[in-house]
Amino acid sequence: MPDLLLRNVRIVPLSPRAAVPTGVVDVLVADGLVSAVGEGLSRPEGVEAYDAGGRWLVPGLWDAHTHLGQWTLRASRLDLHGTRSPAEALARVAAAARALDGQGGPGEAIVGMGHSAGTWDRWGTVSELDSVTGGIPAILVNHDFHHAWLNTAALDALELPRREDMVQETEWYQAYPRVAELFETSGSTPAAYRRMLTRTAALGVVGMTDFEVGIRLDDWRSRWAAGCDLVRIRVATYADQLDEAIASGLRTGEPLIPGEDRLTMGPLKIISDGSLGTRTAWCCDPYADDPDSCGAPNQSPDELKGLLGKAHAAGLEVATHAIGDRAVSEALAAYAATGARGSIEHAQLVRREDLPLMARLGITASVQPAHILDDREMTEDVWPGREERCFATRWMLEEGVRVALGSDAPVAPLDPWLAIAAAVGRSRDGKEPWHPEQALTAQEALAASVDGQPTVAPGSRGDLAVLEVDPLRASVEELAAIAHGGVALTVVGGRIAHRGA
């Protein structure tokens with residue numbers, strides 16, 4: 001691994017107890033690790049030196065929850081963010097269809113994303129979508145990815161039964177990989193991934209967990225060999241590929257390519273319930289707009305325990321999607337029964353009485369704070385009286401739960417600074433902070449964004465980010481703005497992945 005000497009940096013403490021130098025120091029990275037910190041370090045022969053000029057140094061940032069295939073494709077998809085009704089979404093789709101002269105060629109489709117049908121007064125129908133698209137396949141992916149609005153041509157192309165309503169949950173997850181195979185091959189090339197990773201490294205990101213549906217381990221091996229090797233990637237697997245992952249003999253954390261510790265086996269991902277927007281998140285109490293429904297689980301308790309136990313026996317951690325409070329409780333019971341390790345993904349609605357068990361089991365709460373900004377109004381409408389238990393990061397820290405922040409890109413932008421600012425400010429557009437008693441400090445939010453690297457010190461990973469501002473003294477607005485040119489340098493295992501202007 002290449003070595004690197006950083007001169008004149010100010011190390012940002014990520015814990016009140018962290019013993020870090022208070023002045024300007026040098027940091028030497030050797031063989032992928034920080035080997036020395038001090039004033040006036042000598043430069044070993046042949047080692048590159050970078051003068052930070054007194055800028056601020058933090059451990060490199062991680063996004064603990066991404067869907068990198070969809071994030072890479074976002075630029076080529078029809079943007080449906082901000083549509084407030086089926087009619088508004090149909091108007092955008094109709095314009096896209098007109099641009100194709102109403103006649104899509106082979107392999108051509110309208111793939112849109114970003115609308116939030118859970119905020120509309122009704123869902124759209126297949127017939128309505130047919131009326132503006134004709135024979136061009138149209139696939140409109142809801143912003144939370146838990147359902148999609150397809151026209152008849154798309155249903156036929158994906159070999160799904162014809163219907164008038166949305167394709168939801170498990171049926172949609174199983175169909176989605178065919179969308180990229182049939183219609184989006186040019187947007188998912190190694191070159192497209194490389195461009196995405198370059199932009200990501202410019203944010204100070206040194207690693208991500210990829211929860212993309214339908215990928216296989218060899219997909220990332222091929223991309224890596226084709227130049228997609230800028231940052232660390234943990235590759236998750238799903239239940240339908242669990243036997244294949246087990247047969248590979250790889251345990252969580254082991255390299256997918258021998259000798260390459262930046263591309264590793266991730267966890268088994270289980271989607272144990274649905275989402276707030278589709279009213280399928282499994283809750284202890286009914287939805288306000290559907291008093292006969294509390295959502296629903298995607299597996300029985302025995303099925304969930306079986307999956308966790310099988311993965312744990314093979315050395316795999318488990319990342320369990322659980323948005324509703326009942327889903328969180330049932331997932332924790334399954335972890336306790338099987339001894340499996342891993343995370344609760346989202347943990348959007350929790351009961352405080354469940355958090356001590358999460359802490360005792362060592363289960364990480366993987367939270368995406370930018371969802372606070374998107375789900376605030378919907379939560380108040382459909383979970384009234386439960387808002388204080390949503391994104392309860394303060395409770396989590398007080399109960400000793402490890403918190404890891406992420407984006408859930410493309411549901412929210414792949415931007416750790418947006419996540420950090422949302423965790424701290426819990427607001428946007430000038431609104432009052434939403435349940436500010438659950439807010440984190442900037443120091444706590446940063447500590448939850450560095451994959452357990454509490455400081456920069458001898459022995460820590462050589463994954464680093466040099467910032468233009470002190471993040472502990474920045475306002476919420478200044479934290480969010482770091483994404484726009486506020487990262488001077490990103491280093492992954494001693495390699496420079498991004499160098500600012």
Side-chain angles (χ1 to χ4, degrees), residues 62-83 89 111-120 139-149 166-169 172-173 176 179-180 196 199-200 203 205 208-215 236 238 269-281 319-324 327 343-349 365-379 382 390-391 393 404-423 426 428 434 449 480 483:
W62 274 75
D63 191 316
H65 190 124
T66 65
H67 301 271
L68 292 180
Q70 295 176 70
W71 182 241
T72 301
L73 287 163
R74 77 197 187 286
S76 61
R77 289 179 170 179
L78 177 64
D79 185 6
L80 298 173
H81 285 88
T83 51
V111 182
M113 65 182 296
H115 63 289
S116 182
T119 64
W120 297 348
I139 303 108
L140 312 183
V141 184
N142 197 68
H143 92 287
D144 64 8
F145 192 67
H146 281 256
H147 67 261
W149 184 8
M166 305 281 186
V167 181
Q168 297 187 64
E169 301 296 341
W172 168 238
Y173 307 144
Y176 173 75
V179 175
M196 177 273 294
R199 291 190 297 268
T200 301
L203 301 173
V205 173
M208 297 176 283
T209 301
D210 186 9
F211 287 116
E212 189 58 83
V213 174
I215 60 170
Y238 281 78
K269 172 73 178 295
I270 298 173
I271 303 178
S272 78
D273 73 339
S275 72
L276 171 66
T278 55
R279 314 299 194 263
T280 50
T320 305
H321 163 119
I323 286 182
S343 62
I344 298 291
E345 297 297 321
H346 309 301
Q348 187 164 343
L349 178 66
S366 176
V367 180
Q368 299 78 50
H371 295 348
I372 296 170
L373 313 179
D374 297 325
D375 288 354
R376 176 175 179 166
E377 286 77 15
M378 194 181 349
T379 299
V382 303
C390 291
F391 304 99
T393 48
L405 302 188
S407 65
D408 201 13
V411 180
L414 204 169
D415 178 354
W417 300 107
L418 174 63
I420 289 168
R426 295 180 71 99
R428 69 177 171 198
W434 194 54
S449 304

Heavy atoms, side chains only, cut-off 4.5 Å: are Val205 and Pro416 in contact? yes

Does any N or O in the side chain of Asp63 come within less than 3.5 Å of the main-chain N or O of Ser407, such that one atom is a donor and the other an acceptor? yes

In Å and rounded to the nearest 0.5 Å, what is the CG to OG1 distance from Asp415 to Thr200? 9.5 Å

Give me the atom names and distance for the closest heavy-atom approach of Tyr238 to Glu212. CE1-O, 3.5 Å

About how many Å separate CZ of Phe391 and CZ of Arg376, when rounded to the nearest 0.5 Å? 12.0 Å

Going by atom types only, do Ser366 and Glu345 share a side-chain donor-acceptor pair under 3.5 Å? yes

Please name the pair of heavy atoms, one in Leu80 and one in Thr83, separated by the smallest distance, quoted to 0.1 Å. O-OG1, 2.9 Å

Rounded distance (nearest 0.5 Å) linking atom CG of Asp144 with atom OG1 of Thr278: 5.5 Å

With ring centroids as reference points, do His321 and His346 lie under 6.0 angstrom apart? yes

Test side chain to side chain contact (heavy atoms under 4.5 Å, CB included) applied to Leu276 and Val382, step by step: CA-CA 8 Å; Leu276 171 66; Val382 303; 3.2 Å; yes

Non-neighbouring partners of Ala422 that pass side-chain contact (heavy atoms from CB on, under 4.5 Å), sequence neighbours left out: Pro369, Leu373

Heavy-atom nearest pair, Ile323 first then Ala281, reads CG2-CB, 3.7 Å

How far apart are the closest heavy atoms of Trp172 and Val179, and which atoms are they? CH2-CG2, 4.2 Å

Does the side chain of Asp374 come under 3.5 Å of the side chain of His143 through a donor N or O and an acceptor N or O? no

From OG1 (Thr320) to CD1 (Ile271), nearest 0.5 Å: 10.5 Å

Mind checking whether Ser116 and Met378 have side chains closer than 4.5 Å, heavy atoms only? yes

Leu68 and Met196: CA distance, side-chain angles, deciding distance, side chain to side chain contact (heavy atoms under 4.5 Å, CB included) verdict: CA-CA 9 Å; Leu68 292 180; Met196 177 273 294; 4.1 Å; yes

Does anything in residues 65-78 pair up under salt bridge (Lys or Arg N to Asp or Glu O under 4.0 Å), and if so which pairs, sequence neighbours excluded? Arg77-Glu184

Reported CD-to-CG distance for the pair Gln168 and Asn142, which is rounded to 0.5 angstrom: 9.5 Å

Find out whether Cys390 and Trp434 are in side-chain contact, i.e. whether some heavy atom of one side chain is under 4.5 Å from a heavy atom of the other. yes

Could you give me the CA-CA distance, side-chain angles and deciding distance for Thr280 and Glu169, then say whether side chain to side chain donor-acceptor pair (under 3.5 Å) is met? CA-CA 9 Å; Thr280 50; Glu169 301 296 341; 2.7 Å; yes

State, yes or no, whether a side-chain contact exists between Met113 and Leu78 at a heavy-atom distance under 4.5 Å. no

Looking only at heavy atoms, the pair that brings Pro413 and Leu418 closest together is CD-CD2, 3.8 Å

Aromatic contact between Phe145 and Tyr176, with the criterion being ring centroids under 6.0 Å apart: yes or no? yes

Reported CG-to-NE2 distance for the pair Leu140 and His115, which is rounded to 0.5 angstrom: 5.5 Å

Is it the case that the side chain of Trp149 and the backbone of Val141 share a donor-acceptor pair, with hydrogens and angles ignored and the cut-off at 3.5 Å? no

I'd like to know if Lys269 pairs up with Asp210 as an ion pair, taking the criterion as any Lys NZ or Arg NE/NH1/NH2 lying under 4.0 Å from an Asp or Glu carboxylate oxygen. no

Please examine the side chains of Ile344 and Val367, heavy atoms only from C-beta on, and report whether any two atoms are closer than 4.5 Å. no

When the aromatic ring centroids of Tyr173 and His146 are compared, is their separation below 6.0 Å? yes

Looking at every heavy atom in both Phe211 and Ala236, which two are closest together, and how far apart are they? CD2-CB, 3.4 Å

